[in-house]
Amino acid sequence: MDWLLLSWRLLLISLLCCVSCVSLLSSESYRYPGFQGLLQDNDTLRLGLDFQRMLRINHMLYITARDHVFAVNLTTASEAFVPQLKLTWKSKDVSKCTVRGKNSDECYNYVKVLVPRNDETLFACGTNAFNPTCRNYKMTSLEQVGEELVGQARCPFESSQSNVGLFAGGDFYSATMTDFLASDAVIYRSLGDGRPVLRTVKYDSKWLRGPIYSVILCHVSYFIVSLHVVDSAHTDSSAVLQVVFSRVARVCKNDNGGSPRVLERYWTSFLKARLNCSVPGDSFFYFDVLQSLTNVLQINQRPAVVGVFTTQANSIPGSAVCAFYMDDIEKVFNGKFKEQRTSDSSWTPVPDEQVPRPR
Ligand SMILES: *[C@@H]1O[C@H](CO)[C@@H](O)[C@H](O)[C@H]1NC(C)=O
Ligand SMILES: *[C@@H]1O[C@H](CO)[C@@H](O)[C@H](O)[C@H]1NC(C)=O
Ligand SMILES: *[C@@H]1O[C@H](CO)[C@@H](O)[C@H](O)[C@H]1NC(C)=O
C-alpha cells in the first residue's frame, strides 16, 4: 500500500508557521466577501450559526446550519456573499425536548443531511430537537415537496455526532447513530424502489462501533464507509486496553439481505479492514485515529482516497497523511480473513477452508 507521510516533527514546524498564517489570514480575510448571516437573531447571537454541511451543485452552494439552509449563487458571490435563498426549518418539539433533560442547546434543528436526490430535489434531514426528521425540497426554490418522513437511522439525534448519507441508484445510504443515547451505530439502506431495507446488526459492536467519517461511492458495485472504532487490544498480561483503530467497511449495492433464517434485513456483504497508516522501522509506528477522509481522487492515474490520521490520545502526539489505492482496498477484502469470536476478544486468522461463503 502506498502512502504519503508527514512526520510529527514536520507537522510541528508547519503548526508554528500557521500561528503567523492565522494572524495574516484574519487581516487578509476582510478583503474578501464573508457571510455571517442572521446577526439580529437571538439564538444566533448566543450559539452562532453552527454550519453543518456544504453542498455544491453547479453554480449554487447550499449551506446547512442550525434551523436554516442557505443557498448562495456563486456567480455573484465574488462581490457580495449574500444567500439567494434561505430556508427556515425550526423544530416544533422544543418544549418536549427541554423536558427530556438533555443539553438545551440541542433543542434546535441542526440540518445534518443535505444531498441531491435527483436533478430537481434535495433530501434534507435535521436533528429536530432529538426527533430526527427528513424532508424533500425543490433545488431551485427550497420549497418543500411532499410529506415529512422519519429521520431515525438517516440522521443523528445530536449535532456533534458524525454522520454520512447519499443517494445511489435510488437508494439512500446512511451511516449514523440510530438512538437517543447514541449507542447503536448503523449503516442503513432505505427509500429504494423495491429493494429491501438493510442495516448492520443492532447493538453489535463486532460490526460497528464509534463515529463514521466518510462515505465513498465506488464505480463498480459497491460503496465504502470509513469509520473509526474503539477496539480492545490484549496486552501480554491479557489486560484489555481501549485503543482506537480506523477501519474501512464495505457494503455492496446489490446486497438483498439474508434469508428468513440468517441475517434477514441485514447486510450479507458487510466486511471491514484496518486502515494501516504507519512508518516502517524496527517496529512499525502507527497513526491509527482517522480524523478526515477525502472522496475518491486520482493518484498516479489510479483511484485513491487520502486520509488525515493521528496517534492514540494517550500516545506521543503526531499526525500523518496516508493515501490508499482503491484497488488495494479491494484486494484486502478478497484476501486473508480474520474473525472475532466475541466483541471483546482479539482477531484471529481463519484457515482458508473455513472462510464463510459469502464472506
Ligand atoms: C431577543 O432578545 C431580546 C432581549 O433579551 C428580547 O427583548 C427579544 O424579545 C428577543 N427576541 C426574540 C425573537 O426572542
Ligand atoms: C445566479 O446569478 C446569475 C447572475 O445574476 C443568474 O444569471 C443565475 O440565474 C443565478 N443562478 C441561479 C441558479 O439562480
Ligand atoms: C502495516 O503495513 C506494513 C507495511 O506494509 C506491514 O509490514 C505491517 O505488518 C502492517 N500492519 C498491520 C497491523 O497489518
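Numbers for residues simply follow the sequence, beginning at 1. Since the structure is predicted, the reported quantities are computational estimates derived from the model, not experimental observations. Order of appearance sets the numbers: ligands from 1, and atoms from 1 within every ligand. Side chains are part of it too, since the values below use all heavy atoms of this structure and drop only hydrogens, waters and symmetry mates.
- Checked by distance only, ligand 3 and Y286 come closer than 3.5 Å through their nitrogen or oxygen atoms.
- The aromatic ring centres of Y62 and F70 sit 6.0 Å or more apart.
- For F172 against V113, the heavy-atom pair with the smallest separation is CZ-CG1, 4.0 Å.
- Among V279, D288, N276, the residue whose heavy atom lies nearest to atom 1 (C) of ligand 3 is N276.
- Residue contact check: Q84 has heavy atoms under 4.0 Å from atoms 1 (C), 12 (C), 14 (O) of ligand 2.
- Two rings, from Y173 and Y188, have their centers 6.0 Å or more apart.
- Residue-level proximity to ligand 2 for H59 is absent, since no heavy atom of it falls below 4.0 angstrom.
- The SG atoms of C155 and C125 sit 2.5 Å or more apart.
- With F130 as reference, F180 is the one residue of F157, Y110, F180 to meet the ring-ring contact (aromatic ring centres under 6.0 Å, His included) rule.
- The nearest protein atom to atom 4 (C) of ligand 2, hydrogens excluded, is given as T76 CG2, 3.9 Å; this is a heavy-atom distance.
- In this structure, V72 and F81 have side chains that are in contact, with non-hydrogen atoms separated by less than 4.5 Å.
- Ligand 2 places these atoms under 4.0 Å from at least one heavy atom of M60: 13 (C).
- The nearest non-hydrogen atom to atom 11 (N) of ligand 2, considering only I57, N58, N73, comes from N73.
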